[in-house]
Amino acid sequence: MTLDAITIRLDDRVLRLPTGATLTDLLEQADVPATSVATALNGRFIARAARASTPLVEGDQVLLFQPIVGG
Amino acid sequence: MTTSHPDPLLIDGVPLRSRFFLGTAGHASPEALRACIEAAGADVLTVGLKRTLQGDNGALAHALAGARSRGARLLPNTAGCRSAREAIALAHMARELYDTAWIKLEVIGDDHTLQPDPVELLAAATALVRDGFVVFPYCTEDLVMGRRLLDAGCPLLMPWGAPIGSGQGLLHLAGLRTLRERLPEAVLIVDAGIGAPSQAAQAMELGYDAVLLNSAVAQARDPVAMAGAFREAIQAGRSAWKAGLMAPQSMAVASTPVSGHAFLLGEP
C-alpha cells in the first residue's frame, strides 16, 4: 500500500503533508520563516541549505530551535 | 572594535577590550538587559537556543542590537546538553542561527551540580574543532582535562568557580591556582559561580584572563549598578595581576623602618 500523505510531528504539533514533501515544504506549510529557525530531523541537525533536499517520511519528528537569552 | 586598546584579550584573532563576558539570561525586560550590557561594557555576550514552542517575539535581537553595533561578539551556548551528540547538533544550529563559529560548549554530567561531563565534553570539543568551531569549553579546574581540551584544539578553557548560578565564588581555589600556574600560556576564563565583584577580582588577581557571569548581575536589586561594579572589579583585578601581588608571608613583617629607634631617643 502506498500513502498519498504522511503524518509528521513538528514540535508538539501533528501535521499531514503530501508524500514526498521536504523539510522546506513543512516550514512553508507551518508558516515558519526559513531563516528564523534551525531544524533537527529525528534529532539530527539539518542545515538550511539541505532542507529542500531532505524528504520527510511517515512518523518523522522535526524540532525547531531559535535564539534565546543564555548564560 | 579598535585594536589600540592597551591590554586587549586576543581570542581567535579578535582583540577584545573588555575582560567581562556577560550572560544575557534572567533580565526583567529587553531594555533592562540592554542597560546592563552597556554598564558592563562587555564585548562578549552569551546567548542560547531553545525549541520554538512559544514563538520568537524578537526581544533578544532588540536587546542585543546596540551591543552588536559597537562590535560585541555573541557566544552561543549548548546549555541543557547531556551528551556529545546533543551538543554537537546544537552547536551546528547555533552557528547557522547566530552566524558565528564561536561556541560555549556545555555538556552537563550531573543535574544537581551541573558539573561538566569530561568524557562527553572532550568528545564534543574534538568533533567541533574538526568541524571548524572555535570552542570555549565549560569545564572544571581539572588540570589534565584542561590539557586534553587544549590539545584537542580549544583556544582557551572556561573552568567553573562554583556550580552555575550558585554565587559561591571560587570554591575550587587551589585547583584554579594550579591550572593557572601549570598552563601559563593558555587563555583561562572563570565561568560560573561568581556571586560578587570581589570574587571576580580574585579570579583576575589569580591571573585569569577574563570572567564570565550572568546571575550575579541579573539577580541584583539594581542590575545596572551591579554590572558597573563588576566592570570595575574585573579591571581592578586585572591591574593588580599586572602590577604583581606581593608574596604572602606566614609571620608579620614590619613595614615601617625601625633601625636606629629614632623615635625612642631620650626615653628613660
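Values in this document were obtained by computation on a predicted structure and should not be read as measured data. We name chains A, B, ... by the order of the sequence lines, and we start the count at 1 in each one.
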Novice: Under 4.5 Å from any heavy atom of chain B, what part of A:I68 do you find: side chain, backbone, both or neither?
Specialist: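 Both parts, backbone and side chain.
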Novice: Can you tell which of B:L45, B:L64, B:L33 makes a side-chain contact (heavy atoms from CB on, under 4.5 Å) with A:V69?
Specialist: B:L33
Novice: Please identify, among B:T24, B:N214, B:I88, B:L213, the residue contributing the most non-hydrogen atom pairs under 4.5 Å to chain A.
Specialist: B:T24
Novice: With a cut-off of 6.0 Å (strictly less than), are more than 12 heavy atoms of other residues, nucleotides or ligands near CZ of B:R85?
Specialist: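 At most 12 heavy atoms, drawn from other residues, nucleotides or ligands, come within 6.0 Å of this atom.
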Novice: Under the 3.5 angstrom rule, does the side chain of B:K104 hit a backbone N or O of A:G71 as a donor-acceptor pair?
Specialist: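 Looks like yes, one N/O pair under 3.5 Å.
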Novice: Quick check for you: among B:G23, B:A25, B:A79, which has the greatest number of heavy-atom pairs under 4.5 Å with chain A?
Specialist: B:A25
Novice: Side chain, backbone, both or neither: which part of B:F21 has an atom under 4.5 Å from a heavy atom of chain A?
Specialist: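 The answer is neither part of B:F21.
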Novice: Under 4.5 Å between any side-chain heavy atoms of B:L97 and A:R48, yes or no?
Specialist: yes
Novice: First locate atom CG of A:L64, then atom NZ of B:K50, and finally report the distance between them rounded to the nearest 0.5 Å.
Specialist: 14.0 Å
Novice: Under 4.5 Å, counting heavy-atom pairs only, tell me which of B:R95, B:E86, B:H92, B:M93 racks up the most with chain A.
Specialist: B:M93
Novice: Among A:A38, A:G43, A:A40, who wins on heavy-atom pairs under 4.5 Å with chain B?
Specialist: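 Max contact count across the listed options: A:A38.
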Novice: Taking all atoms of both residues into account, what is the closest heavy-atom pair of B:R51 and A:D12, and its distance?
Specialist: NH2-OD1, 3.7 Å
Novice: Check whether more than 12 heavy atoms from other residues, nucleotides or ligands sit under 6.0 Å from atom CZ of A:R9, and answer yes or no.
Specialist: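 Above 12, so yes.
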Novice: What option among B:L90, B:N77, B:L74 has the most heavy-atom pairs under 4.5 Å with chain A?
Specialist: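 Among B:L90, B:N77, B:L74, the one with the most close pairs to chain A is B:N77.
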Novice: Tell me, for B:E106 versus chain A, whether the close heavy atoms (under 4.5 Å) come from the side chain, the backbone, both or neither.
Specialist: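 B:E106 touches chain A through side-chain heavy atoms alone.
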